[in-house]
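Worksheet: one structure, shown below.
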Number of protein chains: 2
Amino acid sequence: MGVGDDGGLRLPRNKIIVGDCIEELDKLPAKSIDLIFADPPYNLQLANELYRPNNSRVDGVDDDWDKFSSFESYDRFTRDWLAACRRVLKPNGSLWVIGSYHNIFRVGTALQDLGFWVLNDVIWRKTNPMPNFRGRRFTNAHETMIWASTGQKARYTFNYESMKALNEDLQMRSDWLLPICSGGERLRQDGRKTHPTQKPEALLQRVILAASHVGDVVLDPFMGSGTTAVAAKRLGRAFVGIERESAYASARERLKSIVTLDPASLQVSKGKRAETRVPFGALVEMGLLSPGTALYDPAARHEAKVRADGSIACAGAQGSIHKIGAHVQGAMACNGWTFWHYEADGALKPIDALRVEARQKLAS
Amino acid sequence: MGVGDDGGLRLPRNKIIVGDCIEELDKLPAKSIDLIFADPPYNLQLANELYRPNNSRVDGVDDDWDKFSSFESYDRFTRDWLAACRRVLKPNGSLWVIGSYHNIFRVGTALQDLGFWVLNDVIWRKTNPMPNFRGRRFTNAHETMIWASTGQKARYTFNYESMKALNEDLQMRSDWLLPICSGGERLRQDGRKTHPTQKPEALLQRVILAASHVGDVVLDPFMGSGTTAVAAKRLGRAFVGIERESAYASARERLKSIVTLDPASLQVSKGKRAETRVPFGALVEMGLLSPGTALYDPAARHEAKVRADGSIACAGAQGSIHKIGAHVQGAMACNGWTFWHYEADGALKPIDALRVEARQKLAS
DNA sequence: CAGTGGTTTGAATCCCATC
DNA sequence: AGATGGGATTCAAACCACT
């Protein structure tokens, strides 16, 4: 996994690289990237120009054949850059790709064929999409993002609590309502848009906040106007951007003015999973609960006795607080910390309160 | 185009055919169908049982018809039924397919390869989706429909004005908010759902209203519970349903009670749109409030700091504006929108003022 | 009958550290 | 690397029992 594996390839950090994305990805060390966000071109004609063996034009020959040929070359292009991304991604990293109905099905199929495991498809609902002027279709008011891990068994980063916090303590859904990039955020030169498909920073912030940690490396193989790098820098992540058109490397200028948020603002909401694990036996060892103490379920229908080794006994059965809790309820599983209660001041309190005490003691 | 083209094949009308969809499609005359709605197996690939936090088991889709040995076999199946559909579709007809991230990319790719021309991808946003019980992904809150014509140059039916009327005289967007099928609409036998994936009638009504005329023939190659036929009949369209599982052919019973609306009743109803919910985190994302900004209660006794994920931190505690507001007051609950204030022009203003701004932005 | 509070349920690729 | 077991995890809507 060291540098040697890649013949001494080094990972540039906080750099925008001008060049072909596949060539440049091949120069990066394997398994070095935590998160990839890709906004690939979906102009089939462009892919065509890039990959047709000869430069002959095909219009007017046979529409069906032309279409197939275009899709085929686009698919080849898609597989190539996705495979190159797969190589540089850490096993526990993840990949996001954004697209529209023109290309997203090709991308999704290629992803799955390469072994990526789709975690969600996320819809960016635009508050202010361009109307359909001719009134012949529905207003194309969204784009689709695919979020995928490196494989079915792979672990991946998901800041569940942060996403929940962003949505007023409700689970974040797979449909996100965000305005398109306009106004002051939109980069312009001489009044004209610098980049045709500049993504809003809010979109990238949410992606990066959801699927990476502070200090992680975020890569964008199709940098464009640099929104991914901007959001990464602001959120205290390192970035690597690759962009073919040197004109777009003006993103470097844009980046200079971006200030990383202070560490306090970057702290994310953490759930119970992040808490240090305290075995039930530790409560007994620490003297917070004596062997022989009686524990009760909330309705006081069952009584269990604490034993010196941190197991409990109830109605002839013995085992962990979880196992016995499940057993007396006839349930598959049980969280013993919230199920079992002890008596204090004439009331029943969950033993989880004692775990909180234990954690405070252990932390001090 | 006449009957003779297909050796005397005849189009059954308002019939549910029990049989394999490809075999049965092959028996229908070519170019005889105006609109196809297909709800194919999703190939969910569910590996394990899933339990809710309260230990109840989720009744997932484990039917044999949803099991495929590989993506390759799913792709083959998809191409076959799509090709059969293509043959029976009129040149100016169109096709809808619904799916989730498990299968929709395969379907979209196959569609395009067969020469269908994608008109829109339409998102069905569920008002009441099943949550993500383990907190490991985003709530899977939508499904995707692909709407396609028979080719790039093909004409197709789109009732633009009807859709506009349905959406308060605004162009109908590509994201539709509709509840899942439950309550009285959900078919049950002995208290158990008759079909695992019954679609809401409102969804099918909108599809049929958008893409067909009264008197047109609507075909559903995977009839299931029969929602397509029900919606077609109600809207004065003829239907042809194909369903392999004879158990589901109970849809015939369901259909008997459906009455076709008289033309006057077909007038669309207009609903008042609820005020958009704006999570506090959206203010941060939209740049209306920077991470690190200080918030105060009206008396400026407490100071909290805004964080990048839309949570706030105050006196060691962290959480939503509501939670922390309640916490510092020692109250059970608190409306953070009116409790917390920010400083502007030397005065304290409630953050609710920023929510108003956000709503204006989101509405524009 | 209206309101309240508890229960059920839905196309779901749903854990992870330790041994 | 597979098995073990601790223990973390849910939202909207319909329905039902009860006051």
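Letters A, B, ... are given to chains in the order of the sequence lines, protein chains preceding strands, and every chain is numbered from 1. Keep in mind the model is a prediction, meaning the values are calculated, not measured.
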Which atom pairs link the protein and nucleotides 17-19 of chain C when you take only N or O atoms and keep those under 3.5 Å?
from   : atom 1 : to       : atom 2 : distance (Å)
C/dA17 : OP1    : A/Arg155 : NH2    : 3.4
C/dA17 : OP2    : A/Arg155 : NH1    : 2.8
C/dA17 : OP2    : A/Arg155 : NH2    : 3.4

Just N and O in the side chain of B/Arg136: are any of them under 4.0 Å from OP1 or OP2 of C/dC16?
yes
Rounded to whole Å, CZ of B/Arg137 lies from C1' of C/dA12 at a distance of 8 Å
Between C/dA11 and D/dG6 - C1' atom distance, rounded Å:
31 Å
Check: Looking for any heavy atom pair under 4.0 Å, which part of the strands does A/Tyr160 touch: base, sugar-phosphate only, or nothing?
Finding: sugar-phosphate
Name the pairs: protein N/O against N/O of nucleotides 1-3 of chain C, kept only if under 3.5 Å.
none

Taking for B/Pro179 and for B/Arg52 the nucleotide of DNA chain D with the nearest heavy atom, the one nearer the 5' end belongs to B/Arg52
Quiz item: If only atom types and distance count, is the side chain of B/Asp66 paired as donor or acceptor with the main-chain N or O of B/Tyr42 below 3.5 Å?
Solution: yes
Out of D/dG6, C/dT9, C/dA11, minimum distance to the side chain of B/Asn54 belongs to C/dT9
Touch class at under 4.0 angstrom, heavy-atom based, for A/Glu161 against every strand present: sugar-phosphate
Does B/Arg186 put a side-chain nitrogen or oxygen below 4.0 Å from OP1 or OP2 of C/dA11?
yes
(Q) Mind checking if A/Arg355 touches a base, just sugar-phosphate, or nothing, with heavy atoms under 4.0 Å? (A) sugar-phosphate
What does B/Leu50 touch in the nucleic acid at a heavy-atom separation under 4.0 angstrom: a base, only the sugar-phosphate, or nothing? base
Item to check | Sugar-phosphate only, base, or nothing, as touched by A/Lys164 at under 4.0 Å among non-hydrogen atoms | outcome: sugar-phosphate
Against the side chain of B/Arg134, the closest entry in C/dA11, D/dA8, D/dA12 is D/dA8
Please measure how far the P atom in C/dA12 lies from the corresponding atom in D/dG5, and state the result in whole Å.
31 Å
Quick one: are the ring centres of A/Trp124 and A/Trp176 less than 6.0 Å apart? no
- Mind checking B/Pro200 for me? I need base, sugar-phosphate or nothing, with any heavy atom below 4.0 Å counting as a touch. nothing
ask   = Do B/His102 and B/Ser100 get their side chains close enough for a donor-acceptor pair, meaning under 3.5 Å?
value = yes
Subject >> Aromatic ring pairing B/Phe138/A/Phe158, orientation class (parallel under 30°, perpendicular over 60°, tilted between) >> reply: perpendicular
Problem - Any B/Tyr51 side-chain N or O less than 4.0 Å from OP1/OP2 of C/dT9 - result: no
For D/dA8 and A/Asn335 - does any side-chain N or O of the residue sit under 4.0 Å from the phosphate oxygens OP1/OP2? yes
In whole Å, what separates the P atom of C/dG10 from that of D/dG7? 32 Å
* Look at all strands and tell whether B/Trp65 reaches a base, only sugar-phosphate, or nothing, counting heavy atoms closer than 4.0 Å. => base
Q.
As a quick check of understanding, evaluate side-chain hydrogen bond (donor to acceptor under 3.5 Å, both in side chains) for B/Asn120 and B/Arg173, giving each step before the final call.
A. CA-CA 10 Å; B/Asn120 277 115; B/Arg173 296 167 44 113; over 6 Å; no
Out of C/dC14, C/dA12, C/dA11, minimum distance to the side chain of B/His102 belongs to C/dA12
Whether B/Thr127 contacts D/dA12 is assessed here as follows: a side-chain N or O lying under 4.0 Å from the phosphate OP1 or OP2. Is that the case? no
Note to self: Any side-chain N or O of A/His322 below 4.0 angstrom from OP1/OP2 of D/dG6?
What the structure shows: no
Exercise for review: Let me see the working for A/Trp147 and A/Tyr156 under ring-ring contact (aromatic ring centres under 6.0 Å, His included), right down to the final yes or no.
Suggested key: CA-CA 11 Å; A/Trp147 178 36; A/Tyr156 53 90; 5.5 Å; yes
B/Thr197 has its side chain closest, among C/dT9, C/dA11, D/dT9, to C/dA11
Encoded 5' to 3' (Watson-Crick or G-U under 3.5 Å; [ ] crossing; | other strand), DNA chain C becomes .|||||||||....|||||
Heavy atoms under 4.0 Å, any strand shown: does A/Gly336 hit a base, just sugar-phosphate, or nothing? nothing
**Prompt:** Are any of B/Lys193's side-chain N or O atoms less than 4.0 Å away from OP1 or OP2 of C/dG10?
**Reply:** yes
In whole angstroms, the gap separating C1' of C/dG10 from NZ of B/Lys199 amounts to 11 Å
Of B/Gly135 and B/Ile180, the one whose closest nucleotide on DNA chain C sits nearer the 5' end is B/Ile180
Handout entry: N/O donor-acceptor pair under 3.5 Å between A/Arg359 side chain and A/Thr276 backbone
Key = yes
Distance col, row A/Ile146:CD1 vs B/Ile104:CD1, nearest 0.5 angstrom, shows 11.0 Å
Problem set entry | Residues A/Glu275 and A/Lys270 bridged, charged N to O under 4.0 Å | no
Within residues 293-302 of chain A, those residues having any heavy atom closer than 4.0 Å to DNA chain C are none
Residues passing the salt bridge (Lys or Arg N to Asp or Glu O under 4.0 Å) test with B/Asp39, sequence neighbours excluded, are B/Lys199
In whole angstroms, the gap separating P of C/dT9 from NZ of B/Lys126 amounts to 18 Å
Euclidean distance for C1', C/dG6 against D/dT10 (whole angstrom)
16 Å
Sorted by position of nearest nucleotide on DNA chain D, 5' first, the leading residue of B/Gly183 and A/Cys334 is A/Cys334
- Item | Under 3.5 Å donor-acceptor, B/Gln198 side chain and B/Glu185 backbone | yes
Salt bridge flag under 4.0 Å for residues A/Asp175 and B/Lys126:
no
Between B/Arg188 and A/Leu119, the residue closer to the 5' end of DNA chain C by nearest nucleotide is B/Arg188
With rounding to whole Å, what would you report as the distance between C/dT8 and D/dA8 at their P atoms? 24 Å
Side-chain atoms of A/Lys323 come closest, of D/dG5, D/dT10, C/dA11, to D/dG5
Item to check | salt bridge (charged side-chain N to carboxylate O under 4.0 Å, His left out) between B/Asp190 and B/Arg192, intermediate numbers included | outcome: CA-CA 6 Å; B/Asp190 308 325; B/Arg192 297 183 46 183; over 6 Å; no
B/Trp65-B/Phe222 aromatic ring centre distance below 6.0 Å
no
Hits for salt bridge (Lys or Arg N to Asp or Glu O under 4.0 Å) against A/Glu357, two or more places apart or cross-chain, chain-then-number order -> none
Aromatic contact, A/Phe280 with A/Trp340 (centres under 6.0 Å): no
**Sidechain-backbone polar pair: A/Thr109 side chain, A/Arg106 backbone, donor-acceptor under 3.5 Å** = no
Among C/dA12, D/dG6, D/dC11, the one nearest any side-chain atom of B/Leu46 is C/dA12
Rounded to whole Å, CG of B/Leu44 lies from C1' of C/dA11 at a distance of 5 Å
